[in-house]
Visitor: 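Got a structure for you, written out below as structure tokens; questions coming shortly.
Owing to the predicted nature of the structure, the values given are computational and were not obtained by experimental measurement.
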Amino acid sequence: MRLVELQGESDSVAACARIGRGVRDPNLRGWAALLPPEPRALIEGLRQSGVAVLRGEKGALVLGSLSQLWSAARSLADALEDGRARALAIDLQTRAGRVEAFPRPRWRLPRSRLPEGRVLLMAVLNVTPDSFSDGGRYAAKDAAIEHGLRLAAEGADLLDVGGESTRPGSAPVPPDEELGRTLPVVRELVLRARIPVSIDTTKAEVARAAIDAGAEVVNDVSGLRRDPALAAAVARSDAALCLMHSRGTPQDMQQRAAYGDLLGEVHDELLEALRRGLEAGVAEERIALDPGLGFAKTADHNWLLLRRLRELTQLGRPLLVGASRKSFLGKLSGKPAAERLSASVAAAAVAALHGASLVRVHDVAATREALAVVDAVRSSSS
Ligand code: HH2
């Protein structure tokens, strides 16, 4: 079961195909629940409660506003006798409530309290020789610390320190080298930056040392797929965790950018990542999720994820989105990474408007100004 937002013809036709309808209606719009064909009691109950139901061979599409879907599911959650039907009704009610919920769910960090009521900025600090946009600029410890302090002064809410580039085709870095790059920077910024520090790593060894040095967040671009010891290392501490969607490794991820149903597959794989974290003992309130723009995604996949990002809020966790300076933005303008500021700021604003709780950016001051506009628009009242 999953909620989908039908914004245009292609969404409508794809949703009809998903439920196995012979005739595909291009004119369906708004929110819809994609349900399995059984149990019929649930689908019949929803129909009787007044929402529109379309059936197909493989499932049913239940159309209505989020509040209509929520109310219909809530009445059925009380009334249905069949256990599976009731569980699906509760799931539908929960998901519709999550998409509507504002403020968005909190992300709990061990010591710092993140500001509430606005979209937050995670600033990128790559202590690497080869990152795609700033590789080599902050590879020396002092330059990295100085840059981190500047990003904090510009208004970042978190600093994400990385010691291994994850750009497509990048070579893996041994843990001791990654530690040598990041640990002195994490240690110093924890003392001086006055905002929480995150470690961007897929390795338990690096995460453990960074947490011991005071990092409050572990940002794992593999979504707990790469190092089986990472989840337990985070669970043993009280650190927060960001789980990003990707497939394969940076070496082969772009060959894996093939989806039959992009939103559905990213949703399901993020849910699996969330479950891996929960099963290892990380508290749900400490986990944020990220669709992973540019990771096992083509440019078209990234645009579609940005357009329909709101659907991922049904997972009930804060969403972090990183579009900053990525190559899909350069494809539009033909500009190199260092000249993608306007496009990056626009993408951050779109993500914020479509449900992101945090954006991961290189350019803090400019993004901050743009997000103030988004927050003002969103909180305006009639
Ligand atoms: N993108 C990059 C790295 N880490 N983490 C999250 N959660 N989300 C992202 O989108 C994300 C990320 C890639 O960007 P960058 O760090 O600038 O480059 P590189 O991997 O080359 O160091």
Visitor: Would you check, one step at a time, whether the test side chain to side chain contact (heavy atoms under 4.5 Å, CB included) holds for Leu80 with Leu88?
Guide: CA-CA 10 Å; Leu80 287 168; Leu88 277 170; over 6 Å; no
Visitor: Is it true that Arg226 and Asp220 have a side-chain N and a carboxylate O under 4.0 angstrom from each other?
Guide: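 Salt bridge: no.
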Visitor: Taking Leu353's backbone N and O only, do any of them form a donor-acceptor pair with Arg310's side chain (distance below 3.5 Å, no angle check)?
Guide: yes
Visitor: Roughly how far apart are Arg317 CZ and Asp290 CG, rounded to 0.5 Å?
Guide: 14.0 Å
Visitor: Quick test of your reading of the model: are Glu44 and Arg40 salt-bridged, counting only N-O distances below 4.0 Å?
Guide: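 Salt bridge flag = no for Arg40 with Glu44.
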Visitor: Assess whether a salt bridge exists between Glu269 and Arg225, defined as any Lys/Arg side-chain N lying under 4.0 Å from an Asp/Glu carboxylate O.
Guide: no
Visitor: Does this structure show an ion pair linking Arg24 with Glu9, if we count only N-O contacts that are shorter than 4.0 Å?
Guide: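 A salt bridge is absent here (no side-chain N lies under 4.0 Å from a carboxylate O).
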Visitor: Which heavy atom of Ala143 sits nearest to which heavy atom of Tyr138, and what is that distance?
Guide: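 What the structure gives for the nearest pair is O-CD2, 3.9 Å.
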Visitor: Should Val234 and Met244 be counted in the same cluster of Ile, Leu, Val, Met, Phe, Trp and Tyr side chains packed under 4.5 Å apart?
Guide: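 Not linked; separate clusters.
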Visitor: For the residue pair Leu3 and Glu311, what are the closest heavy atoms and their distance?
Guide: O-OE1, 3.7 Å
Visitor: Return yes if some donor-acceptor pair links the side-chain N/O of Ser324 with the main-chain N/O of Ser344 below 3.5 Å, else return no.
Guide: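 Here the side-chain-to-backbone pair does not exist.
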Visitor: Verify, without hydrogens or angle tests, whether Lys326 (side chain) and Leu293 (backbone) share a donor-acceptor contact under 3.5 angstrom.
Guide: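 Looks like yes, one N/O pair under 3.5 Å.
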Visitor: Set out, in order, the CA-CA distance, both residues' side-chain angles and the distance that settles side chain to side chain contact (heavy atoms under 4.5 Å, CB included) for Leu189 and Leu149, then state yes or no.
Guide: CA-CA 7 Å; Leu189 289 174; Leu149 294 173; 3.9 Å; yes
Visitor: Looking at Glu57 and Gly20, would you say the former's side chain and the latter's main chain have a donor-acceptor pair under 3.5 Å?
Guide: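 No.
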Visitor: For Leu241, which of Asn219, Val217, Leu274, Val282 qualifies under side chain to side chain contact (heavy atoms under 4.5 Å, CB included)?
Guide: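 Exactly one candidate clears the test, Val282.
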Visitor: For the atom pair CG (Leu243) and CZ (Arg275), what is the distance rounded to the nearest 0.5 Å?
Guide: 13.5 Å
Visitor: Kindly check if the number of other-residue, nucleotide or ligand heavy atoms within 6.0 Å of CD (Glu116) is above 12?
Guide: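 It does: Glu116 CD has more than 12 such atoms within range.
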Visitor: Kindly check if the number of other-residue, nucleotide or ligand heavy atoms within 6.0 Å of CD (Gln7) is above 12?
Guide: yes
Visitor: Are more than 12 heavy atoms from other residues, nucleotides or ligands located less than 6.0 Å from atom CZ of Arg194?
Guide: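 12 or below, so no.
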Visitor: Mind checking whether Leu61 and Val51 sit in one hydrophobic cluster, side chains of I, L, V, M, F, W, Y counted as touching below 4.5 Å?
Guide: no
Visitor: Looking at side-chain heavy atoms only, is the closest gap between Arg325 and Val124 below 4.5 Å?
Guide: no
Visitor: Which of these, Asp212, Ile199, Leu159, Leu125, sits in a side chain to side chain contact (heavy atoms under 4.5 Å, CB included) with Val186?
Guide: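 That would be Ile199.
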Visitor: Please report the interatomic distance CD1(Ile90) to CZ(Arg95), rounded to the nearest 0.5 Å.
Guide: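 CZ of Arg95 is found 13.0 Å from CD1 of Ile90.
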Visitor: Would you indicate whether Arg18, at its atom CZ, is surrounded by more than 12 heavy atoms from other residues, nucleotides or ligands within a distance under 6.0 Å?
Guide: yes
Visitor: If only atom types and distance count, is the side chain of Arg74 paired as donor or acceptor with the main-chain N or O of Gln93 below 3.5 Å?
Guide: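 Checked: no pair found.
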Visitor: Heavy-atom distance under 4.5 Å between the side chains of Pro291 and Leu309, does that happen here?
Guide: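 Answer yes - side chains close enough.
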Visitor: Membership question, hydrophobic clusters at under 4.5 Å side-chain separation (ILVMFWY): are Leu371 and Leu358 in the same one?
Guide: no
Visitor: Might you point out which heavy atoms bring Ser246 and Phe295 nearest each other, and give the distance in Å?
Guide: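 Closest approach of Ser246 to Phe295: OG-CB, 3.5 Å.
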Visitor: I'd like to know whether CZ of Arg98 has more than 12 heavy-atom contacts from other residues, nucleotides or ligands below 6.0 angstrom.
Guide: yes
Visitor: If you define the side chain from C-beta out and look only at heavy atoms, does anything of Trp70 sit under 4.5 Å from Glu100?
Guide: no
Visitor: Backbone N or O of Ala372 within a donor-acceptor pair of the Arg118 side chain at under 3.5 Å?
Guide: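 Flag not set: sc Arg118 to bb Ala372 has no pair under 3.5 Å.
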Visitor: Could you tell me the separation between the CZ atom of Phe132 and the OG atom of Ser327, rounded to the nearest 0.5 Å?
Guide: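 If I round to the nearest 0.5 Å, the distance is 7.5 Å.
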Visitor: Okay, side chain of Arg104, backbone of Thr313: is any donor-acceptor separation there less than 3.5 Å?
Guide: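 The answer is no, because no donor-acceptor pair under 3.5 Å joins these two groups.
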Visitor: So Arg308 and Leu262, do their side chains get closer than 4.5 Å, heavy atoms only?
Guide: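 No, every pair of side-chain atoms sits at 4.5 Å or beyond.
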Visitor: If we only count heavy atoms from C-beta on, is the Arg368 to Glu154 side-chain gap below 4.5 Å?
Guide: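 A side-chain contact under 4.5 Å is absent here.
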Visitor: From Arg276 CZ over to Leu271 CG, what is the distance, rounded to the nearest 0.5 angstrom?
Guide: 10.0 Å
Visitor: Work out which heavy atom in Leu183 is nearest to a heavy atom in Ala209; give both atom names and the distance.
Guide: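 Scanning both residues, the minimum pair turns out to be CD1-O, 3.5 Å.
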Visitor: Apply side chain to side chain contact (heavy atoms under 4.5 Å, CB included) to Ile43 and Val62, showing your working.
Guide: CA-CA 8 Å; Ile43 294 160; Val62 182; 5.6 Å; no
Visitor: Quick one: pull up CG in Asp252 and CZ in Arg247 and give me the separation to the nearest 0.5 Å.
Guide: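 Between atom CG of Asp252 and atom CZ of Arg247 there are 11.5 Å.
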Visitor: Taking side chain as C-beta onward, heavy atoms only, is Arg137 less than 4.5 Å from His147?
Guide: no
Visitor: Is there a donor-acceptor pair under 3.5 Å between the side chain of Ser170 and the backbone N or O of Ser165?
Guide: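 Looks like yes, one N/O pair under 3.5 Å.
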Visitor: Do you know which two heavy atoms are closest between Arg208 and Arg236, and how far apart they sit?
Guide: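 What the structure gives for the nearest pair is NE-NH2, 4.2 Å.
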Visitor: Before giving the answer on side chain to side chain contact (heavy atoms under 4.5 Å, CB included), spell out for Leu109 and Leu158 the whole-Å C-alpha distance, their side-chain angles and the decisive distance to 0.1 Å.
Guide: CA-CA 11 Å; Leu109 269 49; Leu158 294 128; 4.0 Å; yes
Visitor: Please tell me if the side chains of Val266 and Lys297 come closer than 4.5 Å, counting only heavy atoms from C-beta onward.
Guide: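 Side chain of Val266 against side chain of Lys297, heavy atoms only: contact under 4.5 Å found.
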Visitor: I'd like to know if the side chain of Asp91 pairs up with that of Thr94 as donor and acceptor (distance under 3.5 Å, no hydrogens or angles considered).
Guide: no
Visitor: Can you confirm whether Arg150 is buried at CZ, in the sense that more than 12 heavy atoms of other residues, nucleotides or ligands lie under 6.0 Å from that atom?
Guide: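 Yes, CZ of Arg150 has more than 12 neighbouring heavy atoms, counting only those of other groups under 6.0 Å.
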Visitor: Contact between Arg2 and Leu263 at the side-chain level, heavy atoms closer than 4.5 Å - yes or no?
Guide: yes
Visitor: Look at the aromatic rings of Phe328 and Trp303 and report parallel, tilted or perpendicular, splitting at 30° and 60°.
Guide: perpendicular
Visitor: Out of curiosity, does Val377 fall in the hydrophobic cluster containing Val345 (side-chain heavy atoms, cut-off under 4.5 Å, transitive links)?
Guide: no
Visitor: Check for me, please, whether Val161 and Leu179 land in the same ILVMFWY cluster - side-chain distances under 4.5 Å, paths through other members count.
Guide: yes
Visitor: Using atom types as modelled and distance alone, determine if a side-chain donor or acceptor of Ser131 lies under 3.5 Å from a backbone N or O of Val127.
Guide: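 Side chain of Ser131 to backbone of Val127: no pair is present.
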Visitor: Answer yes or no: is there a donor N or O on one side and an acceptor on the other, between the side chain of Arg106 and the main chain of Arg113, under 3.5 Å?
Guide: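 Pair absent, no side-chain N/O of Arg106 close to backbone of Arg113.
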Visitor: Which atom pair, heavy atoms only, marks the closest approach of Ile287 to Pro318?
Guide: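 Looking at all heavy atoms of both residues, the shortest contact is O-CD, 3.6 Å.
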